[in-house]
Participant: 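Submitted below is the structure of interest, expressed as C-alpha cells.
Predicted, not measured: the structure shown is a model, and the values here were computed from it. By convention in this document, chain letters (A, B, ...) are assigned in the order of the sequence lines, proteins followed by strands, and residues within each chain are numbered from 1.
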Amino acid sequence: MSKFLNLSIPVFGGIALLIGLAFGMSSRNHNAEKIETLETRLAQISEHASNAEKATKVQSDRAVELETKLAEIEEVYAELAKNGSDLTQAAPAVPGTLGIGRPAHAKEIAAWDVDVLPDGRGLPEGSGDVFVGEEVFAEKCAACHGDFAEGVDNWPVLAGGFDTLADKDPVKTVGSYWPHLSTAWDYINRSMPFGAAGTLTPDETYAIVAYILYSNDLVDDEFVLSKDNFSEFEMYNKDGFVIDDRPATEYANWQGEPCMSDCKDEVNITMRSVFLVDTPPEGGSDSVPNMATIDGLPSFTKEGPSFIPVAEEKPVEENVEKASLATPSAEVAGTADLIKAGKKVFKKCSACHQVGDKAKNRSGPVLNGIVGRTFGTVDGFKYSKVFKAAAEEGRVWDEANLAEFLKKPKAYMKQTKMSFSGLKKDEDLMAIIEYLKSTGQ
Amino acid sequence: MHEKSKVRSRRSFLKGSAAVLTGSVVAGSSQASDPDPLITELQDWASSTGVGVDETPYGMPISFESHVVRRNVEWLTADPISSINFTPIHALDGTITPQGCAFERHHSGAIELRKEDYRLMINGLVDRELVFTYDDLERFPRENHVYFCECAANTGMEWAGAQLNGAQFTHGMIHNMEYTGIPLRALLNEAGADISSDKWVYVEGADASSNGRSIPMEKALDDVLVAFKANGEALRMEHGYPVRLVVPGWEGNMWVKWLRRIEVSDAPVESREETSKYTDVLEDGSARKWTWVMDAKSVITSPSPQMPIKHGAGPMVISGLAWSGHGQITRVDVSKDGGITWETARLGKQGDKKALTRFYLDTNWDGAPMLLQARAMDDTGYVQPTKEQLRNQRGENSVYHNNCIQTWYVNTQGIAENVEVS
C-alpha cells in the first residue's frame, strides 16, 4: 500500500504547481480573452486532475488489496519457515491457458480416436459373417489362438470355459468372461494380429468377431455381425462384474491395532515353494521342481521352534556355496543340466514339433515319449511313406537311432518330409535326446 | 509328529552349533590367526592405475554386480515380447529403483520412439482438441514426485500357494522412481476439458498393443502425472520413453507408456485391459472390476531365498520394503516365528505418499530356524492381511491384487525358502 501512496504524492504536487503557474500568469496579464482561455484550460486541468485522482484511488484500492494478499502469503511462508518447512509448491494452476500446443486436425483425430464403447459408439460402417471370419481367423489368428480359438501353448484361449468361473481354474474366454462385445471388436481392431496391429479392415474385424462368437456357440453359422446389430448383442457374462467393493467388504476388517504377541498358539509350515529358481549368470531363470516335503520341519510356538533340524541335509549345505538351490546329486544334476540344454536346442524344432501336456501335431508330430515308441505312430499325424513303412516294420526309436536320425535326417530316413538339416554337435544331440526322454508319454 | 531323537532343546542346539557356525564365518569377523594378505600384501589396485574418465561415458554397474539384473520366468507367458520380468528387489537397498533393473511389462514389446516423432493428442469433451510435441510438454509447469509402480499381478502366483522361490519372483513386479512431469490436470485445463465428476479420461499408448485405460475424472485431476523423466534422466525405452503416465498408488497397467492420446469421455471404454484382464475373479465366479488401488503391502527382501544368511548366528539386519497405494506407510512389524510374536521395525526414512518405504529390524539371530514375516500399516489404518484372510475373502482365482503377508522359512544354515504357514 505504502508504495502506491508515495508514488501518488509527486503526481498531485505536479498538478498543484501547474495550477499555481496558471493563476500567476492570469494576474499579470489582464487580457480577458487570455483569462478565458486560461480558465478553460484551468477547468480542463482540474478535470484531468480529478480523473487522475479517481484513477489513483482505484489503483491504490487495488494496491491495498494486493498488499493484504501479500501479507497473507508472507504470513503463511513465515509459518512454514517456523515449522522447518521449505518453499516447495505444486506446479501453479494456470488461469486460462498457456496457448501451448496446436489444434488437432480432424483427420488426425479420426486416425487415432478409434476406440469403441460398449454402446457401439466409435464403430465404423461394415459387417462380416462367420464364414469369412473363419477364413480370416485361420490366416491371421490361428497360429496363436488355434483353429477353433482354443489357444496354442500359453496364448489366450478365446472360446469355451462357460460356467467355469467359480472352478479351481476358471477358463476366462471372450465367451465365458468378457462382459462387452465392444471390447473384442476394439481390441482386435487396434491391437491384433500380434505383430501386425492396425492392419485389419473393419469388415475383417466384424468377421473375426462373428467367428469368435460362433466358436463360443453363441451364434449359428449364418450369423452376420454389423454396425447395425452390434449393440443388440448381449454377452454371456455381462452381469458378472461388481465395481470394486474392497472399501465396503474388506477395509473395515483389516484395521486397528494388530496383535503383537501370543497371536497364535502354534504355527506349522503347510507348503513349500513349488519351484526352486536357478538364476544363471547369463540372465533369465530356470524353475526347478522342489522335491523337498514339509515332513521333518519344525513347528513354532512362542517358545521357539519345536526342534532344531540336525544339519544332515547335505545338499542344502552345498547349495549355500553354489548359490544354487537344486542339486540333489551330481548324477541327477548332470541329467538336469542336459535337459536344460536340450530344451534350448529344441527351439530349433519347435516351429514344427510340440511337447508337453497341451502338445498338438503341427507340421510335425507331437514328440512326447518319442524314445521307446514305434516309428510313425502318433495319432492323427499324416506321415510320409518312409515312416509308414517303418511303422509296419515295427521299428522302435531308441537313443542311438534317434541320434543318427537327428544328425542328418535325410540320410537316415530318405524321403522324410522333415526339412531339417540336422544337429551337428554331439553335445546338442545328447542334450536334445535327454530332453525328449524327459517329456514323458 | 517329529522323531523324538531329533528333538533337542534350543539351548543344547546353540551350544552344539557354535562350532559348526564358526567354521563358516568368513575371515576378518573374528580374531584372525594369520594376517590377511589383502591387507599385508601390496595389491595391484593399490599400486597400478585404474580406468580413465574417458573410458565410460555412461556407466553400468561394476561387473561384480552383474547378477543384480531383471529376470524373467520363461514359462509364465507365451512369448517374451508380451511378458514381464522382475526387479531384483532382494539385492537392492534404500527405496529408489535404478531404471536399468526396474521391471518391465510389455504387451507388444518395448518400442523406440524418438522425441521428434512423439505426438500427444487430447480430444473428446474439450473446448480445444490439441496436439502437443515433446518440446511443448517441457514448457508446462512441472513437478517432482517419488512413486511406486506395482503390477496388479505382483505376487499373483501365490494365490495358489507358494510358487517361486525368491523375493524377486514373488514381489519383483514393482519399482520406485522419482518422476518429473506435468500434472495431467494442467493438460486438461489447457484443452478446456469438461472436468465434471462423472467424466472419464481415457489414456492410450502409441505401441502396437495400444494399451488403453479409463481413469475417473477425480483421479485425473488429483495426482496423475504426464512424466518424461525418472530418477533425473530420460525415461528408459522399456518404461515408455519419451513420455509415460504416472498414476500414483494405482495398478501399473494404468501407467500407460508411450502415451499418445488423452480422451475426455462421458463413459469408460471398457477396454480389454479393464474387462478381460485386471479384473479379479472371486470365489463365487463373479469378478471385481475397477480395482485400481494397490493396497498396503510389504516383503522382507533380505534374508530371502536369493539372500541367504551367510554369516551364521549373531547380529544381523532384516530388511524389506513396504508400500501403500492409499498413502503413507506408518509402521511395519516383523515376525520371526510365523506371526506369533511381532516386533516393530525401524523405517529407514519416512516414506513419501504412495512410494516405497524401507524398513529395518536390527536383530540378533540365534541360529535357530525362523519363519520371517512383515506386516505393513498405512495412514488410513489399514493392516496388511494374511494369505488366509485374503483367501477367505476372495478365494484363490483373483490373479491380481495379492497383498498378503509373505513367509520365508529360514533354516539353520541360513537358507530361506518361500513357504506357507498355518
Participant: In terms of side-chain geometry, is the basic nitrogen of Arg272(A) or Glu420(B) positioned less than 4.0 Å from the acidic oxygen of its partner?
Facilitator: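 Between Glu420(B) and Arg272(A) there is no salt bridge, as every charged N stays at least 4.0 Å from the carboxylate O atoms.
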Participant: Starting from the C-alpha separation in whole Å, work towards a yes-or-no answer on side chain to side chain donor-acceptor pair (under 3.5 Å) for Glu417(B) and Asn290(A).
Facilitator: CA-CA 10 Å; Glu417(B) 186 181 326; Asn290(A) 184 6; 2.9 Å; yes
Participant: Report which part of Phe241(A) has an atom under 4.5 Å of a heavy atom belonging to chain B: side chain, backbone, both, or neither.
Facilitator: both
Participant: Among Gly195(A), Pro258(A), Gly122(A), which residue has the highest count of heavy-atom pairs closer than 4.5 Å to chain B?
Facilitator: Pro258(A)
Participant: Is a salt bridge present between Glu204(B) and Arg190(A), judged by a nitrogen-to-oxygen distance below 4.0 Å?
Facilitator: yes
Participant: If you compare all heavy atoms of Asn165(B) against all heavy atoms of Val277(A), which two are closest, and at what distance to 0.1 Å?
Facilitator: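 Smallest interatomic distance, heavy atoms only, reads N-CG2, 3.5 Å.
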Participant: Nearest 0.5 Å please: distance from the OG atom of Ser261(A) over to the CD1 atom of Ile340(B).
Facilitator: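 Answer rounded to 0.5 Å: 11.0 Å.
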Participant: Does some side-chain heavy atom of Val269(B) sit less than 4.5 Å from a side-chain heavy atom of Ser182(A)?
Facilitator: no
Participant: Taking Glu257(A) first and then Arg331(B), would you say they form a salt bridge - that is, a charged N and a carboxylate O separated by under 4.0 Å?
Facilitator: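 Looking at Glu257(A) and Arg331(B), the cut-off is met.
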Participant: With respect to chain A, which residue among Val419(B), Thr341(B), Thr291(B) yields the maximal number of heavy-atom pairs within a distance under 4.5 Å?
Facilitator: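 Max contact count across the listed options: Thr291(B).
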Participant: Heavy-atom pairs under 4.5 Å with chain A: which of Ser210(B), Pro268(B), Ala296(B), Ala160(B) has the most?
Facilitator: Ser210(B)
Participant: When you measure from the side chain of Arg288(B) to the backbone N and O of Val242(A), does any donor-acceptor pair fall under 3.5 Å?
Facilitator: no
Participant: Specify the closest pair of heavy atoms between Pro156(A) and Arg272(B), including all atoms of both residues, with the distance to one decimal.
Facilitator: CG-NH2, 4.4 Å
Participant: Report the C-alpha separation of Glu250(A) and Arg394(B) in whole Å, then their side-chain angles, then the decisive distance to 0.1 Å, and conclude whether the salt bridge (charged side-chain N to carboxylate O under 4.0 Å, His left out) test is met.
Facilitator: CA-CA 10 Å; Glu250(A) 297 180 0; Arg394(B) 306 185 198 166; 2.8 Å; yes
Participant: Looking at Asp244(A) and Lys289(B), is any side-chain nitrogen of the basic one under 4.0 Å from a carboxylate oxygen of the acidic one?
Facilitator: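 Between Asp244(A) and Lys289(B) there is no salt bridge, as every charged N stays at least 4.0 Å from the carboxylate O atoms.
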Participant: Please report the C-alpha distance between Glu190(B) and Ile100(A) in whole Å, then the side-chain angles of each, then the deciding distance to 0.1 Å, and finally whether the side chain to side chain contact (heavy atoms under 4.5 Å, CB included) criterion is met.
Facilitator: CA-CA 8 Å; Glu190(B) 188 68 16; Ile100(A) 300 173; 4.3 Å; yes
Participant: What's the separation between atom OG1 in Thr77(B) and atom CH2 in Trp155(A), rounded to the nearest 0.5 Å?
Facilitator: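 Thr77(B) atom OG1 to Trp155(A) atom CH2 measures 8.0 Å (nearest 0.5 Å).
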Participant: Is there a side chain to side chain donor-acceptor pair (under 3.5 Å) between Tyr177(A) and Thr279(B) once you walk through the steps?
Facilitator: CA-CA 10 Å; Tyr177(A) 191 60; Thr279(B) 48; 2.6 Å; yes
Participant: Less than 6.0 angstrom separating the ring centers of Tyr251(A) and His326(B), yes or no?
Facilitator: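 Aromatic pair counts; centres sit under 6.0 Å.
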Participant: So which of Leu165(A), Asp186(A), Leu117(A), Asp115(A) has the biggest tally of heavy-atom pairs under 4.5 Å with chain B?
Facilitator: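 Max contact count across the listed options: Asp115(A).
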Participant: On the 0 to 90° scale, with breaks at 30° and 60°, tag the Trp75(B)-Phe275(A) ring pair as parallel, tilted or perpendicular.
Facilitator: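 Correct class here is tilted.
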Participant: Looking at Arg139(B) and Leu98(A), would you say the former's side chain and the latter's main chain have a donor-acceptor pair under 3.5 Å?
Facilitator: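 Flag not set: sc Arg139(B) to bb Leu98(A) has no pair under 3.5 Å.
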Participant: Looking at Gln163(B), Glu158(B), Arg128(B), which one has more heavy-atom pairs under 4.5 Å with chain A than the rest?
Facilitator: Gln163(B)
Participant: Which bit of Glu282(A) comes within less than 4.5 Å of chain B, counting heavy atoms only: side chain, backbone, both or neither?
Facilitator: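 Glu282(A) has no heavy atom closer than 4.5 Å to chain B.
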Participant: With distance as the sole test, does Ser286(B) use its side chain to make a donor-acceptor pair with the main-chain N or O of Gly240(A) at under 3.5 Å?
Facilitator: no
Participant: Taking Arg246(A) first and then Asp280(B), would you say they form a salt bridge - that is, a charged N and a carboxylate O separated by under 4.0 Å?
Facilitator: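 Answer for the salt bridge query: no.
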Participant: Given that the side chain runs from C-beta out, which part of Ala93(A) has a heavy atom under 4.5 Å from chain B: side chain, backbone, both or neither?
Facilitator: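 It is neither, since no heavy atom gets under 4.5 Å.
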Participant: Which bit of Trp178(A) is near chain B, if near means a heavy-atom gap under 4.5 Å: side chain, backbone, both or neither?
Facilitator: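 Just the side chain, heavy atoms under 4.5 Å.
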Participant: Of the listed residues (Asp245(A), Asp262(A), Asp286(A)), which shares the most heavy-atom pairs with chain B below a 4.5 Å separation?
Facilitator: Asp245(A)
Participant: Using a cut-off of under 4.5 Å for heavy-atom pairs, which of Ile81(B), Val69(B), Ile182(B), Leu187(B) has the most such pairs with chain A?
Facilitator: Ile81(B)
Participant: Asn253(A) versus chain B, heavy atoms under 4.5 Å apart: side chain, backbone, both or neither?
Facilitator: side chain
Participant: Return the minimal non-hydrogen interatomic distance between Gln255(A) and Tyr382(B), and the atom names on each side.
Facilitator: NE2-N, 3.8 Å
Participant: Tell me which of these, Met370(B), Arg70(B), Glu396(B), has more heavy-atom pairs under 4.5 Å with chain A than the rest.
Facilitator: Met370(B)
Participant: So which of Ala196(A), Pro280(A), Ala252(A) has the largest heavy-atom pair count under 4.5 angstrom toward chain B?
Facilitator: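 Of the options given, most contacts go to Pro280(A).
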Participant: Can you tell me which portion of Val116(A) sits under 4.5 Å from chain B's heavy atoms? Options are side chain, backbone, both or neither.
Facilitator: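 Just the backbone, heavy atoms under 4.5 Å.
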Participant: Look only at the side chain of Asn189(B) and the backbone of Gly96(A), and say whether a donor-acceptor pair between them is shorter than 3.5 Å.
Facilitator: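 A pair under 3.5 Å: yes.
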Participant: Heavy atoms only: give me the nearest Cys259(A)-Trp342(B) pair and the separation to one decimal.
Facilitator: O-CD1, 3.4 Å
Participant: Do you know which two heavy atoms are closest between Lys264(A) and Ser422(B), and how far apart they sit?
Facilitator: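 Taking Lys264(A) first and Ser422(B) second, the nearest heavy atoms are NZ-O, 3.1 Å.
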Participant: Answer whether the closest heavy-atom distance between the side chains of Trp112(A) and Arg119(B) falls below 4.5 Å.
Facilitator: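 Touching, per the 4.5 Å side-chain cut-off.
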Participant: What heavy-atom pair brings Arg261(B) and Val114(A) nearest, and what distance separates the two atoms?
Facilitator: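 Result for this residue pair: NH2-N, 4.4 Å.
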Participant: For each of Cys263(A), Pro92(A), Gly99(A), tally heavy-atom pairs with chain B at distances under 4.5 Å, and name the one with the top tally.
Facilitator: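 It is Cys263(A).
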Participant: With heavy-atom distances below 4.5 Å as the criterion, would you say the side chains of Ser287(A) and Leu164(B) are in contact?
Facilitator: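 Yes. Closest side-chain heavy atoms under 4.5 Å.
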Participant: Would you indicate whether the side-chain heavy atoms of Val267(A) and Asp337(B) approach each other to under 4.5 Å?
Facilitator: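 Side-chain contact under 4.5 Å: no.
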Participant: If you count heavy-atom pairs within less than 4.5 Å of chain A, which of Thr407(B), Ile122(B), Asn397(B) leads?
Facilitator: Asn397(B)
Participant: Quick one: does Thr183(A)'s side chain have a donor or acceptor within less than 3.5 Å of a partner on Glu270(B)'s backbone?
Facilitator: yes
